[in-house]
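For ligands, and for the atoms within them, numbers begin at 1 and follow the listed sequence.
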Amino acid sequence: MKKISSKYVVWLVFGLAFMIGFFHRYSIGIIADPLREDLLLSTAGISLLSSMYFYTYGFLQIPCGIMVDAQGPRRVVLMGMSAVFIGSIFFALSPTPILLYIARALIGFGAATVFTSIFKIQALWFKPTEFATIAGMTAVIGNVGGMLATAPFYHLTNALGWRGGHLILAIITLMPILIIYGWITDRPPAKNDAEEGKEEYKKLEKSTEKQPQKQLQKQPQKITEGLKVVVSNPYAWVNAVILFMVFGSYMSFSGLWGPHFLRYVYEIPLEQAANLIMIYMAGVLIGSPAIGMISDRLQKRKRVLQTALLLLVAGWAMMILILPAFQKMWLLIPVLFITGSVSISPMLCFTNTKELIPQEYTGIATGFVNMAPFFGTSVINSLFAWFLRTEETAATYQAGALLFLLAAIIGFTASFLMKEGLETKANKMH
Ligand SMILES: N[C@@H](Cc1c[nH]cn1)C(=O)NCC(=O)O
């Protein structure tokens, strides 16, 4: 069967898998009420159901990265999306909450395989100088999945119920599975090698081809070696710290505390506050590829990220301290948009990590730094909740939100410790 040779199509198919994974991440809120009614779930039960995904996803990032480096992204995503497919069907047919939890964990496990795989695909198919742009586009495609899990999923489940909605999701999940199985290879066809950087593909061939027995026996050694290379690299830790702080705040603000913060601090109805979060998300969607493109054009990661993080510090300071003090509501919209667009700038940390670590360990490196935002979100969410422990007022929400400002300042400070990796890698290749 003739395989797909366009890197954009290959990326798009993996992107579809990423979009489906993101969809599941944010899908529980919309179906919480019918789940409560049908399976008698409490609020704590709904929260646990949603968290099952995040726990499995966060903890599995390194194992998924190891598998991607050892087996290649195609096989790993095929396994992962099959788990999402089976999980969606179990979810749709679950007669009891326990089965629902197991199904959700299975979906989380499957979805966890995609991010490290898509980064490996990007490393294998795209030039280093295109990497930040395509990584930015990957964030867009994921977030579109998250947005589809809101109003469109609400209408779908209104028409078909939450069980019907999950059966439709299972059918959609078959699409990337079938295309990847039939038409996608881990690496570009050999004829493109010269164009795309022959040496790199040769190296990768070793880690992704069906390997002879002798090489397979070396796998555990390679895994230990890969983990050592990544964990002992101080610059990977710097990127993880920035991701912990900045993506932790971004997910905490957009996924949990944002609407209530705006509602209390700006004294507006919750519905209007939720609409304002969409402005922040619009900033994320536009900022992500724009920052990636600027970074690729300038061939700089560190400087571009630092500029964006400085704007982020200013954005949070305006939103949390300055605008509420002066009640400048009209300024809130551009400030939210700009804050959203620079909140996504740490996508450059993934790119930077990939550039500092040998390509055969891109999966492990991506998995390692991608654990940080998930731990960051849970820590920041809990600390924020601590500020609200006695009462929910404008003052307590403002105090909680200062965590976002503090996290941005720490992220910005940490960025001075980053090491630029692009030039070194490009020089080696050409
Ligand atoms: N777009 C980033 C960060 C993110 C998380 N939620 C919404 N955006 C991303 O894709 N991170 C990697 C991941 O696995 O979620």
Residue part near ligand 1, for Asn143, under 4.0 Å between non-hydrogen atoms | side chain
How does Thr138 reach ligand 1, if at all, at less than 4.0 Å between non-hydrogen atoms: by side chain, backbone, both, or neither?
-> neither
Protein contact to atom 3 (C) of ligand 1 [nearest heavy atom, distance to 0.1 Å] | Phe247 CE2, 3.5 Å
Mark up the atoms of ligand 1 that fall under 4.0 Å of a heavy atom belonging to [X], in ascending order.
{"X": "Arg25", "answer": "5 (C), 6 (N), 13 (C), 14 (O), 15 (O)"}
{"X": "Phe22", "answer": "4 (C), 5 (C), 6 (N), 7 (C), 8 (N), 10 (O), 15 (O)"}
{"X": "Phe18", "answer": "10 (O)"}
{"X": "Met347", "answer": "2 (C)"}
{"X": "Ala139", "answer": "1 (N)"}

Verify the distance criterion only: is there a donor paired with an acceptor across the side chains of [X] and [Y] at less than 3.5 Å?
{"X": "Thr138", "Y": "Trp11", "result": "yes"}
{"X": "Ser343", "Y": "Tyr280", "result": "yes"}
{"X": "Thr353", "Y": "Asn239", "result": "yes"}
{"X": "Tyr181", "Y": "Arg74", "result": "no"}

With a 4.0 Å cut-off on heavy atoms, is Phe119 touching ligand 1?
-> no
At the 4.0 Å heavy-atom cut-off, does Gln61 count as touching ligand 1?
-> no
Within 45° of the axis and under 6.0 Å from the centre of the six-membered ring of Phe119, does NZ or CZ of Lys354 qualify?
-> no
Could you tell me whether a side-chain N or O of Lys302 sits under 3.5 Å from a main-chain N or O of Phe416, the two making a donor and an acceptor?
-> yes
Of Phe22, Phe368, Phe18, which is the lone residue that meets ring pair (Phe, Tyr, Trp, His ring centres under 6.0 Å) with Phe115?
-> Phe18
